[in-house]
There are 2 protein chains.
Amino acid sequence: MARIDEVAKAAGVSISTVSYALSGKRPVSTGTRQRIEDAVQKLGYQANAGARMLAGNRTQIFALTEPFRADTHAPTHMAFVLGASIAARRVGYDILLLTDAEASAGMQRVASSGLVDGIIVLDVAPDDDRVALARSIDIPTVFIGIPDEHAGLLCVDFDFEGAVELAFDKLIAAGHERIGMLGHPEHAYEVSNFPPRARDAFLGRLDAESTERIFVPIETTARAALDALLSAGVTGIILQTTQEAHAEVTQELAERGLRVPDDISLISVGATFDVDSFDTPLDAIPLVPQPSCDRAVELIMQLLEDRALPAGIHLIDPIYTERGSVSHARVL
Amino acid sequence: MARIDEVAKAAGVSISTVSYALSGKRPVSTGTRQRIEDAVQKLGYQANAGARMLAGNRTQIFALTEPFRADTHAPTHMAFVLGASIAARRVGYDILLLTDAEASAGMQRVASSGLVDGIIVLDVAPDDDRVALARSIDIPTVFIGIPDEHAGLLCVDFDFEGAVELAFDKLIAAGHERIGMLGHPEHAYEVSNFPPRARDAFLGRLDAESTERIFVPIETTARAALDALLSAGVTGIILQTTQEAHAEVTQELAERGLRVPDDISLISVGATFDVDSFDTPLDAIPLVPQPSCDRAVELIMQLLEDRALPAGIHLIDPIYTERGSVSHARVL
DNA sequence: TTGTAGGCGTTATCAA
DNA sequence: TTGATAACGCCTACAA
């Protein structure tokens, strides 16, 4: 808990020189800088957070708002929190958590008390409360996810559409003519934003190819959904669904004696879980949290510097990983 | 972003009167208070966080340190984070997240920069790095969980021993003479703190009763573990294990035509998941996060006021919930 | 019951 | 390249 004046005395310089040496906002001679750094080291100096906020007009804190919804997938969510935390620390920022009732109300509070320099919005619902709040708040706010009414907002999200297109292209290139998608359980298409985006991208593509629309969400079991796909004569399947469904599908195919990729080709799209954990290695275009979090932080930092950055949606590029679940030869 | 002097002017009083009216640290006449509150309302005044920290010597922030370990059970973990956040907000505090590498290193940083008033330590490992740090830090720190070397630390945890005793008593009172415990997968007894505590409490009790030690961790499947228990002639089982194992056990019993509680009595101990979700309603002594979080915050607040509170372990009382999975009559 | 004023530890402006 | 020093916005003795 040493103060800056103690460091200054120990280094034999003025307070302001210490401040500038540490912030790097003014050139300081090498010798002086060295003495200051030594003093900082010896005294274990850490700038007082409150004083720095008050004088510097920067808190070095981002708020992370995340309502813990009933349908939130905990492991995925944790991965995003971790990703945000890592991204923030990289630029010298800490994360302040706004959960539960405070997920919305807290945004107002931390913004107008100047507790945080920016806000990252997680676990975004289509009709999210926080959309209205974000518009009325005067500090940089970035959504990770895309709410329905996103005009004027800054959003970052995985490019689900692009990922589906990419998977589709791969299957087409492998010679598949009947391609299906096994989707999430029905209700996910109402409470979340990305399942319908993936589905629509897929259907749109089928329509463009004038092919039958073979999209099957999970109604009862993944097994039944798989049945529906197979009886429609599908040879290439895009899995845009839960971890459990992934497991069921690979297992069921094995039990039926259907080989991957010889009989059926599979590509997983948008998975947040570890696709390597199944018996069958799967080609995948996973949803990795870190790039989205990095981009969100990057945008806030730009806003903090420039004060000029157009609202809009920033999509994170899908990345394809091959593991041999797509046939390279032409399928019958 | 109105300031206190604007509020003072609007209310026609001095700055200090506004401050006192809002903090309640000095009596303020009803009329004056009313005018001040109106002004606050009208201007949307929120005290500046940095200024308040600097002048008030209180940041109104707790750090929550949580390394995201590979074996961390995400839903449980989220429940604790939420619980801590709720407990903190009740006393006007926010939560600053310290994850990953910062879970340890960050403690030092936020303590010596005066960014937080106290630290809550989550996801405690038996040989936790943060134990040494906690000892060297001069702000209130409370562990939720009990590390091996806990001398001199303040810890809060669910009373697993007491919970096991309670479950045991219930089964004894119901007339069971052969009681078994189905534990966690083997490895959990090395990386976590509470599984061994529950196991040892159980074995100790059996020894006291001079009964055969019937404790079975999960080696391969819960089914196999259940087999071992049944073939040992057990009629009462304490489930101190995972959600999956709970599900397997109830399902397996049903498939074997064994009725609960007529043939077998079950009590779930220390579950963090929803015990109501199984086909068979289970008597349970669950591990509920909120009371632990509340107690942790309470302890920090006391430390912040008194500056005198002995180190030690604070156990949270187990609560038994009856749902009819324990026979009330004497078993054969 | 209310007001005055010093101080909290930095940052950043203005001088030198 | 470095030093004084005035903010920053609030809290809280001390006075009245």
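Order of the sequence lines fixes the chain letters, A, B, ..., with proteins taken first and strands second; residue numbering starts at 1 for each chain.
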Report the nucleotide, chosen from D:dC11, C:dT4, D:dT1, that has the shortest atom-to-atom distance to any side-chain atom of B:Arg52. D:dC11

Round to a whole Å and report the spacing from CD of B:Glu6 to P of D:dC8. 12 Å

Exercise: identify the closest heavy-atom pair between A:Ala84 and A:Cys293: N-SG, 3.4 Å

Between A:Thr17 and D:dG3, is there a side-chain N or O to OP1/OP2 distance below 4.0 Å? yes

Close side-chain approach of B:Val131 to B:Phe143, heavy-atom, < 4.5 Å: yes

Length of the line joining B:Lys9:NZ and D:dG9:C1', which is rounded to integer Å: 14 Å

Stepwise side-chain hydrogen bond (donor to acceptor under 3.5 Å, both in side chains) test for A:Ser29 and A:Thr32: CA-CA 5 Å; A:Ser29 73; A:Thr32 309; 2.6 Å; yes

Could you tell me whether a side-chain N or O of A:Glu6 sits under 3.5 Å from a main-chain N or O of A:Arg3, the two making a donor and an acceptor? yes

Whole angstrom is fine here: how far is it from CE in B:Met1 over to C1' in D:dC10? 15 Å

Where is the tightest heavy-atom contact between B:Asp317 and B:Phe158, given as atom of each residue plus distance? O-CE1, 4.4 Å

Could you check how far CZ of A:Arg3 sits from P of C:dT11, rounded to whole Å? 15 Å

How many Å lie between CE on A:Met53 and C1' on D:dG9, as a whole number? 13 Å

Do the side-chain N and O atoms of B:Thr17 and B:Ser14 include a donor-acceptor pair separated by under 3.5 angstrom? yes

Measure the shortest side-chain to side-chain distance between A:Gln108 and B:Gln46 over non-hydrogen atoms and say whether it is less than 4.5 angstrom. no

Residues from residues 31-39 of chain A lying under 4.0 Å of DNA chain D - heavy atoms: A:Thr32

To the nearest Å, give me how far apart CG (B:Asp5) and P (D:dA7) are. 14 Å

I want to check one thing: is the phosphate of D:dA4, taken as OP1 and OP2, less than 4.0 Å away from some side-chain N or O of A:Ser16? no

Please figure out whether B:Gly56 or B:Pro27 has its closest DNA chain C nucleotide nearer the 5' end. B:Pro27

State whether A:Ser29 places a side-chain N or O below 4.0 Å from either non-bridging phosphate oxygen (OP1 or OP2) of D:dT2. yes

Nucleotide of D:dG9, D:dC10, D:dG3 approaching B:Ile4 most closely (side-chain heavy atoms): D:dC10

Against B:Ile95, only a single residue in A:Leu96, A:Ile95, A:Thr99, A:Leu97 fulfils side chain to side chain contact (heavy atoms under 4.5 Å, CB included); can you say which? A:Leu97

Is a donor-acceptor pair below 3.5 Å formed from side chain A:Arg26 to base D:dT2, judging by atom type as modelled? yes

note: B:Gln46, atom CD; D:dC10, atom P; distance rounded to Å ~ 11 Å

Tell me if the side-chain of A:Tyr20 makes a donor-acceptor pair with the base of D:dA4, cut-off 3.5 Å, by modelled atom types. no

What's B:Ile15 touching, base or sugar-phosphate or nothing? Going by heavy atoms closer than 4.0 Å. nothing

When the distance from CG of A:Asn48 to P of D:dG9 is rounded to whole Å, what number comes out? 17 Å

Tell me whether the OP1 or OP2 atom of D:dC11 has a side-chain N or O from B:Lys25 closer than 4.0 Å. no

Between D:dG9, C:dG3, C:dT10, which nucleotide has the shortest distance from any of its atoms to the side chain of B:Val13? C:dG3

